[in-house]
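Everything below concerns the one structure shown next.
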Amino acid sequence: MKYSLMEPHFIMKSFQEMNKKEAQQHFDWYISEISNRINQLASYYDTNGGKKEELDFSPESLKLIWAWFIPLIKTTIKTSEEIETEVKNAPEWLRETIEAGKEKPSTETLAIAMDIAIYFAEVFTKNFKQLKWGFIGKPKSLAYVNRPVLVGFKSMEMDPRAIVYNQLLKSMRGSKDSNLLFNLFEIWKNDI
């Protein structure tokens, strides 16, 4: 089974360039896709060594899904153009690190990770009714401006894609810790 990407049926601008109407269109589409993405993830999990019923939106299920995902992570080599663009857009202190990092997650790995991000967020929404999906349109300098995020935390919104992507990078660098997402759940729940 090939893992399909989550792709909108409309032309997208970058999130920083979206106006409120465009951000709302993207948000509405994203929210409408959540159950499809969870179902695809659960089916893939089931046919690749897991048991679908384990994905019960409990905090403990985050350990299972990450342990399952770690051996599936595949990487590809960045092109010189990709590295050059990253270096150009990075602060001086980070450029050497970027130049040393020649690998990136494969497209399929990213697709699975982004659905795990949705699952991670849904664990929160199913366990804490005061949390819900939303988006923040201002200030434009926000890293997650106009992106679907979880709102309802005391101090800030949660961008589950950024969280899961960072854990993916840790696992690509060799971490075999299956508790990464569970530990973050424990940290974030203290901000509710």
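- Leu184 contributes atom CG, which lies 13.0 Å from atom NZ of Lys189 (distance to the nearest 0.5 angstrom).
- Here the side chains of Pro8 and Tyr30 are not in contact, with every heavy-atom distance at 4.5 Å or above.
- Of all heavy-atom pairs spanning Pro105 and Leu110, the tightest one is CB-CG, 3.9 Å.
- Close placement of the Tyr119 and Phe57 rings is indicated, their centers lying within 6.0 Å of each other.
- Remark: side-chain polar atoms of Arg147 are not paired, donor with acceptor, to backbone N or O of Phe27 under 3.5 angstrom.
- At distances below 3.5 Å, at least one donor-acceptor pair connects side-chain atoms of Asn19 with backbone N or O atoms of Glu22.
- Taking the six-membered ring for Trp and thresholds of 30 and 60 degrees, Phe153 and Trp188 have ring planes more than 60 degrees apart, a perpendicular arrangement.
- Placement of Ile118 and Leu5 in two distinct hydrophobic clusters is found when ILVMFWY residues are connected by side-chain heavy-atom separations under 4.5 Å, directly or transitively.
- Ring pair Phe120/Phe124 is perpendicular by interplanar angle, where above 60° counts as perpendicular and below 30° as parallel.
- Using a 4.5 Å heavy-atom threshold, the side chains of Ile116 and Leu168 count as separate.
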**Request:** Please test Trp66 against Lys176 for side-chain contact (heavy atoms from CB on, under 4.5 Å), starting from the C-alpha separation and ending with a verdict.
**Result:** CA-CA 9 Å; Trp66 202 257; Lys176 301 296 182 211; over 6 Å; no

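- We find the CG-OG distance between Asn190 and Ser155 to be 10.5 Å, quoted to the nearest 0.5 Å.
- Looking only at distances, no side-chain donor or acceptor of Thr125 sits under 3.5 Å from a matching main-chain atom of Leu131.
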**Prompt:** Does the pair Ser175 and Asp177 meet the rule for a side-chain hydrogen bond (donor to acceptor under 3.5 Å, both in side chains), with working shown?
**Reply:** CA-CA 6 Å; Ser175 174; Asp177 185 357; 5.2 Å; no

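- The main-chain N or O of Ile187 is never found under 3.5 Å from a side-chain atom of Asp191 such that the two would form a donor-acceptor pair.
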**Request:** Let me see the working for Phe135 and Val145 under side-chain contact (heavy atoms from CB on, under 4.5 Å), right down to the final yes or no.
**Result:** CA-CA 7 Å; Phe135 69 93; Val145 71; over 6 Å; no

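- Here the OG atom belonging to Ser106 is positioned 10.0 Å from the CG atom belonging to Leu72, to the nearest 0.5 angstrom.
- Looking only at side-chain heavy atoms (C-beta outward), Glu157 and Val151 come within less than 4.5 Å of each other.
- A heavy-atom distance below 4.5 Å is not found between the side chains of Ile136 and Asn146.
- By the salt bridge (Lys or Arg N to Asp or Glu O under 4.0 Å) test, Lys132 pairs with no residue at all, sequence neighbours left out.
- The minimum heavy-atom distance between Ala121 and Leu150, with the atom names listed, is O-CD1, 3.6 Å.
- In this structure, Phe182 and Pro59 approach most closely via the heavy-atom pair CD1-O, 3.4 Å.
- A heavy-atom distance below 4.5 Å is found between the side chains of Met114 and Tyr165.
- For His26 and Phe15, the distance between ring centers is under 6.0 angstrom.
- Using a 4.5 Å cut-off between side-chain heavy atoms of Ile, Leu, Val, Met, Phe, Trp and Tyr, with links allowed through other members, Met6 and Phe10 fall into the same hydrophobic cluster.
- Side-chain contact check for Ile65 versus Leu41: some heavy-atom pair is nearer than 4.5 Å.
- Side-chain contact between Arg161 and Pro148 is present, with heavy atoms from C-beta onward closer than 4.5 Å.
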**Asked** How far apart are the C-alpha atoms of Met12 and Met18, what are their side-chain angles, what is the distance that settles it, and do they pass the side-chain contact (heavy atoms from CB on, under 4.5 Å) test?
**Response** CA-CA 8 Å; Met12 271 191 56; Met18 286 181 182; 3.6 Å; yes

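- Residue Asp56 comes nearest to Ser61 through the heavy atom pair OD1-CB, 3.6 Å, listed as atom of the first residue, atom of the second, then distance.
- Donor-acceptor pairing under 3.5 Å is lacking for the side chains of Trp29 and Gln24.
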**Asked** Should Glu122 and Lys126 be marked as a salt bridge (charged side-chain N to carboxylate O under 4.0 Å, His left out) after you check the CA-CA gap, both sets of side-chain angles, and the distance that decides it?
**Response** CA-CA 6 Å; Glu122 286 294 290; Lys126 304 276 191 237; 3.3 Å; yes

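- Interatomic distance, Lys51 NZ to Tyr45 OH, rounded to the nearest 0.5 Å: 9.0 Å.
- Contact detail for Ser171 and Ile73: the closest heavy-atom pair is CB-CD1, 3.5 Å.
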**Request:** Applying side-chain contact (heavy atoms from CB on, under 4.5 Å), run through Asn36 and Glu33 and close with a yes or a no.
**Result:** CA-CA 5 Å; Asn36 295 334; Glu33 287 293 309; 3.5 Å; yes

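- Side chain of Thr85 to backbone of Glu81: a donor-acceptor contact under 3.5 angstrom is found.
- When all heavy atoms of Ser4 and Gln40 are compared, the closest pair comes out as OG-OE1, 2.6 Å.
- The residues Lys63 and Glu60 are annotated as salt-bridged, a charged nitrogen and a carboxylate oxygen being separated by less than 4.0 angstrom.
- How far CG of Leu181 is from CD1 of Ile163: 9.0 Å, rounded to the nearest 0.5 Å.
- Between the side chains of Asp115 and Tyr44, no donor-acceptor pair of N or O atoms lies under 3.5 Å.
- Here the straight-line distance linking atom NZ of Lys104 with atom NZ of Lys74 works out to 15.5 Å at 0.5 Å rounding.
- The existence of a salt bridge linking Lys78 and Glu103 is excluded, since no basic side-chain nitrogen approaches an acidic carboxylate oxygen closer than 4.0 Å.
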